[in-house]
Amino acid sequence: MEITTVDLRGLVHGGPGWAEARDAATASMVAHGFVVIAHDAISPELRQALFGRAMPEIFALPAEAKQRNVSTASAKDGSWLMLPPEPDLFTFVADELYTVVTNRRVPACFHRVRTPTNRDRLSVLFGCPGKDGVVLNAMPELVDDEHPLLYHACTNDGYTKFRHSEEGRKHSDSLKAFCGVEKDGLPVE
């Protein structure tokens with residue numbers, strides 16, 4: 001299965017090529033739960049300012065050394081897809097609560113980084129944690145007769161506490177157990 005890279009370099013929101021790029025990103029998110037984006041938003045100077053002080057010896061490694069680690073994401077069929085380790089690419093991976101917001105149109109995606117010899121590795125995750133107390137619910141335009149509401153509104157902190165509780169660990173689908181909608185006593189599929 002080929003992973004499409006959506007190229008945002010030189011695009012301006014609403015300008016020529018933007019709608020096609022947006023549609024390609026949406027299609028990848030719906031199909032895989034992630035999208036690989038090429039961009040030129042971070043200049044070399046800004047990259048140095050952001051990352052150069054963290055561990056300069058890591059960022060100074062040659063590209064071939066950095067690419068020995070293999071980053072993969074899960075596909076719907078259970079296989080693992082290799083994500084390209086190229087400069088100026090990033091992968092946006094949907095988490096479980098993104099599934100709530102998109103009414104399961106975009107699946108949560110599992111991601112892992114492996115080394116060829118399974119030796120110790122250093123991995124950096126840049127994330128955007130949800131703000132405690134903010135209520136998340138499905139976007140109204142993603143709920144209709146063909147796509148009934150699948151999740152009740154919830155909060156990031158409430159779900160996180162449940163997910164890591166003894167009760168939450170009992171379920172194979174803790175999100176559905178926490179806030180899934182039921183009809184006639186059965187979960188809505």
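Small disclaimer: the values here were computed from a predicted structure and weren't measured. Atoms considered below: every heavy atom in the structure, side chains included; atoms not considered: hydrogens, waters and symmetry mates.
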Rounded distance (nearest 0.5 Å) linking atom CG of Leu136 with atom OG1 of Thr155:
7.5 Å
If every non-hydrogen atom of Leu81 is compared with every non-hydrogen atom of His32, which pair is closest and at what distance?
CD1-ND1, 4.0 Å
Check whether any side-chain heavy atom of Asp132 lies under 4.5 Å from a side-chain heavy atom of Asn156, and answer yes or no.
yes
When Val143, Asn103, Thr102 are each screened for side-chain contact (heavy atoms from CB on, under 4.5 Å) with Leu150, the one that passes is Asn103
Non-hydrogen atoms of Gly180 and Tyr151 that approach each other most closely
CA-CD2, 4.0 Å
Does a side-chain heavy-atom distance below 4.5 Å link Val100 with Tyr159?
no
Test item: Arg169 side-chain N/O and His164 main-chain N/O as donor-acceptor pair under 3.5 Å:
yes
CG-NE2 distance between Asp7 and His39, expressed to the nearest 0.5 angstrom
10.5 Å
Donor-acceptor pair, side chain of Thr99 and main chain of Glu96, under 3.5 angstrom:
yes
So does Arg22 get a backbone contact from the side chain of Thr26, meaning a donor-acceptor N/O pair under 3.5 Å?
yes
Under the criterion side-chain contact (heavy atoms from CB on, under 4.5 Å), I'd like the reasoning laid out for His171 against Phe178: C-alpha separation, chi angles, the key distance, then a yes or no.
CA-CA 9 Å; His171 301 278; Phe178 180 69; over 6 Å; no
The single option from Phe110, Phe34, Tyr98 passing side-chain contact (heavy atoms from CB on, under 4.5 Å) against Val93
Phe34
How close do Gly133 and Asp157 get, heavy atom to heavy atom, and via which atoms?
N-OD1, 2.9 Å
Which atom pair, heavy atoms only, marks the closest approach of Cys109 to Gly33?
CB-O, 3.4 Å
Between Leu97 and Leu175, is any pair of side-chain heavy atoms under 4.5 Å apart?
yes
Taking all heavy atoms of Ala21 and all of Val6, pick out the closest pair and write down the distance.
O-CG1, 3.5 Å
Are Leu11 and Met29 joined in one hydrophobic group, where the rule is that I, L, V, M, F, W and Y side chains link up if heavy atoms are under 4.5 Å apart?
yes
dist Arg105:CZ -> Glu141:CD (nearest 0.5 Å) comes out at 9.0 Å
How close do Asp40 and Gly10 get, heavy atom to heavy atom, and via which atoms?
OD2-N, 3.5 Å
